[in-house]
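See structure below.
Chain naming here is simple, since letters A, B, ... match the order of the sequence lines and numbering starts at 1 in each.
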Amino acid sequence: MTVRVRFPPSPTGEPHVGNLRTALFNWLFARHHGGTFILRIEDTDRDRVVPGAMEAIMDALLWLGLHWDEGPDPQDPTHDIGPYGPYVQSRRLPIYQRYAQELVEAGHAYYCYCPPERLEQVRKEMVRQKLPPRYDRHCRYLTDDQRRELEEKGLPRVVRFKTPLAGETSFYDLIRGTITVKNETLDDFILLKSDGYPVYHLASVVDDHLMSITHVLRGEEWIPSTPRHILLYQAFRWQPPHFAHLPMILGPDKAKLSKRHGDMSVRELKGKGYLPQALFNFLGLLGWSLDDHTEIISQETFIRHFDLDRISPSPAIFNIEKLNWMNGVYIRSLSQDELASLLEPFFSRRLGSVNVDLLKQAVPLIQERIKTLEEAVAMAAFVFLPGTMEYSVQELLGKAFAQRPQEARTALEAACSRLEGLEVWDAQTLEESMRTLAQRLGLRTGDFFMLLRVAITGRTVSPPLFQSMQLVGKERTLLRLRDAVRRLC
RNA sequence: GCCCCCGUCGUCUAGAGGCCCAGGACGCCACCCUUUCAAGGUGGAAAUCGCGGGUUCGAAUCCCGCCGGGGGCACCA
């Protein structure tokens, strides 16, 4: 039997790394086993559906390189790819209604006419008695006459599952082993809402069966509802798929990742300049390991080795520091041209369109200094900015010249006249020239260079000075040095 | 309140009875390199394997209890 797995997001907002990790593990599992990876959109809650969210999810998957074999067509999401469609649940309503009806007829489900207010009341009363807040099964025991009467009133109704009152339900989790729950702790959950839409439990069980899903790999927050799903499979007389509940990804506060952790959204990460390869690698190691020492792992290697037996059952905190490091590793592995073209949009967004050729030349100066693409802008802006830089006199003088600003001025003036006469303007010449000048002035090279650095780049931390000067060019370099002199008058 | 899951350095993890007075990685500290910052190199601090009982010649690894953390309990997924 070939493996068929699915990633079933609900389009209710920005996808975050937790969602993406689930998608990644499903994708890796499918690829490793030569199986099929399916994208299914679970949009059965009309109130929570956010316009554009479905597109955002698809963009995130594509960005990471997780292409699906079946699901909405990325070119045109109103169409489907694959033989088991539609893959958007709101387009499958009649199917769920038919199966709900079947369950009612088979005596596994019943209509419930209880208004929300009554349910609320019941729940409150349960809590007051320190009992789990559950439905009291009122409508389960309606007589035929009562039922007919309510039916004639035309009251809105839902379909509820007739959960067995006794016994227990268990399933084998591929990561955690057997998990058993007493049926008496379960209630008669809703299958079909009064608006005719199915609830998750029904929709996912029906679809997983109809789509021949073999393995359900989902977050561990689903463990408590899996017994209900098992009960549904039994009621339908269907063979349930295998289950594996993945460890959750937690925020730094050790709580489940949610909208509250806004910076963990894929859009945010992409916007800050994390590379998809880095995120892929990082996420792949959150709950899974290749061995006891390998950290940088190619997509091919992941596919070759990924399996469920090396997934850890315990939750993991999303450690952005490690992602930063890993992103730096991947940035350094890029070619000059690749990095330049990735950097281009970040620069032009902040500085207006930039000279791509100049950017390409600037890449070697920043490549090993950045952890995210976004950082490059602040680090290399001085290369592209016209005119003088912004900084304080205090920064310019630093500790070395704080007590002797006149010496700093003299040094800068000397640098100006020395540089003016320079015929060749490359890093090597500049360095030789400035080194001898520092010696002549009796200044420590470090102190003197820092003066130049702040004047030319506007910062006390910058890429190597002379390569920077080379890129900035003679004209702007002199302009900025003279400006620095002026500030010291 | 009830049910379920989880528990090895701050964090991600290796470990499936002796190879472990616990290995790797991020981060942190120091030194080297060095015009700043990085990158790179070398070294270091950092887990009494949540706690307490067993089982065993021997336990991070098996069993029990406890504690702690998290998740679930909707006409949300």
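Side chain of A:Arg310, nearest nucleotide from B:rG15, B:rA77, B:rC75: B:rG15. In the set B:rU35, B:rC75, B:rA38, the nucleotide with an atom closest to the side chain of A:Arg123 is B:rC75. Across B:rG27, B:rC5, B:rG24, the shortest atom-to-atom separation from the side chain of A:Lys371 is found for B:rG27. Distances from the side chain of A:Pro315 to the nucleotides B:rC76, B:rA39, B:rC6 place B:rC6 closest. Ranking B:rC76, B:rA74, B:rU11 by closeness to the A:Pro133 side chain, first place goes to B:rA74.
The CD1-P distance, from A:Ile317 to B:rU11, rounds to 6 Å in whole Å. Protein atom CD of A:Glu321 is 16 Å distant from nucleotide atom P of B:rG10, rounded to whole Å. Between A:Arg369 atom CZ and B:rG40 atom C1' the separation is 12 Å, expressed in whole Å.
Side-chain contact between A:Tyr135 and A:Arg118 is present, with at least one heavy-atom pair separated by less than 4.5 Å.
A:Arg147 pairs by the side chain to side chain donor-acceptor pair (under 3.5 Å) definition with nothing, not counting sequence neighbours.
Scanning atom types as modelled, one donor and one acceptor separated by under 3.5 angstrom connect the side chain of A:Ser194 and the base of B:rC75. Counting atom types as modelled, A:Gln129 pairs no side-chain N or O with a base atom of B:rG1 as donor and acceptor under 3.5 Å.
At a threshold of 4.0 Å, the pair A:Arg128-A:Glu125 counts as salt-bridged, since one of the basic side-chain nitrogens sits closer than that to a carboxylate oxygen.
The nearest pair of heavy atoms linking A:Leu191 to A:Leu202 is O-CB, 3.6 Å.
Pair assignment for B:rG65: B:rC51, on the basis of Watson-Crick or G-U wobble contacts that are both within less than 3.5 Å.
Both A:Glu220 and A:Leu323 lie close to RNA chain B; mapped to their nearest nucleotides by heavy-atom distance, the more 5′-ward contact belongs to A:Glu220.
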